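Some notes on the structure that comes next.
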Amino acid sequence: MTPETSTSPSRTALVRRARRINRELALLYPNVHTELNFTTPLELLVATILSAQSTDRAVNMVTPVLFARYRTAADYAAAGREDIEKIIHSTGFFRAKTTSLIGLGQALCERFGGEVPNRLRDLVTLPGVGRKTANVVLGNAFGIPGITVDTHFARLARRFGWTTQTDPDKIESEVGALFPRSEWTMLSHRLIWHGRRVCHARRPACGACGVARLCPSFGEGPVDPEVARKLVKEGPFS
Ligand code: SF4
């Protein structure tokens, strides 16, 4: 047990400020959503696997063709490597991703009747699926709250002082404890959107940031509004 228990004043202040930041981000980004295009849990699972080391925009360029050709888990299980490799080539790491997609189709057919399971502990047993991918699918395809710790989420959670961890599982657990479960999925979207647009890894646009007055890391990037405004990237990123 740390000296700060869950009821200590500083813990209370941390929770209060964290929730305020979340509320402010909700006002700033009322329409946040995953920037990957999908219509079914399987499509989102595949798109999320493809998004590793890639951009949502690059994934959205290849998925229309992929999803038209491969509609079910059985289609992926029976796929020819070269065909998938050709379609997803531009997303990078296409050989490893192809292996994951074929293995995913086989695992879904063998163990889950061809359906994407809606439990974290099942999802993480699938090829190419870690907690991050599993939480994306749970939150966005099944409406089950999940925290998605990607590079943006991790950076912003540390800048907000919500965690000092670098391990994604520990970040997920520490940040999750600050918010009601019902907020987890939208909180993830908001942090990722803010990270992509304003709070960049290098040179965050502090002077143009809507949550600057609540952020303990204000000043990590330029605070001059003119300079900061030029650093803001407009979406969409898909
Ligand atoms: S004030 Fe700066 S560090 Fe804090 S969230 Fe805004 S851009 Fe990021």
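From a predicted model like this one, the values you see are computed outputs, not experimental measurements. Every number for a ligand or one of its atoms is a count from 1 in the order of the listing.
The protein atom (non-hydrogen) at minimum distance from atom 8 (Fe) of ligand 1 is Cys199 SG, 2.3 Å. Of the protein's heavy atoms, Phe160 CE2, 3.5 Å lies nearest to atom 5 (S) of ligand 1. In terms of protein heavy-atom proximity, atom 2 (Fe) of ligand 1 is nearest to Cys206 SG, 2.3 Å. With respect to atom 4 (Fe) of ligand 1, the closest heavy atom belonging to the protein is Cys215 SG, 2.3 Å.
Among the atoms of Cys209, none of the N, O or S atoms falls under 2.8 Å from atom 4 (Fe) of ligand 1.
Less than 4.0 angstrom separates some heavy atom of Pro204 from each of these atoms of ligand 1: 7 (S). Within the listing of ligand 1, atoms 3 (S) sit less than 4.0 angstrom from a heavy atom of Ser217.
Between the side chain of Thr99 and the backbone N or O of Arg95 there is at least one donor-acceptor pair closer than 3.5 Å. Lys132 contributes no side-chain N or O that, together with a main-chain N or O of Asp150, makes up a donor-acceptor pair within less than 3.5 Å.
Within 6.0 Å of CZ in Arg71 there are 12 or fewer heavy atoms belonging to other residues, nucleotides or ligands.
Tested against Phe160, the residues Leu14, Leu191, Asn22, Leu214 include a single side chain to side chain contact (heavy atoms under 4.5 Å, CB included) partner, Leu191. Put simply, the residue from His189, Arg190, Arg197, His194 that forms a side-chain hydrogen bond (donor to acceptor under 3.5 Å, both in side chains) with Tyr29 is His194.
Under the 4.0 Å criterion applied to side-chain N and carboxylate O atoms, Arg155 and Glu220 are not assigned as salt-bridge partners.
Distances from ligand 1 to the non-hydrogen atoms of Ala212 include at least one value under 4.0 Å.
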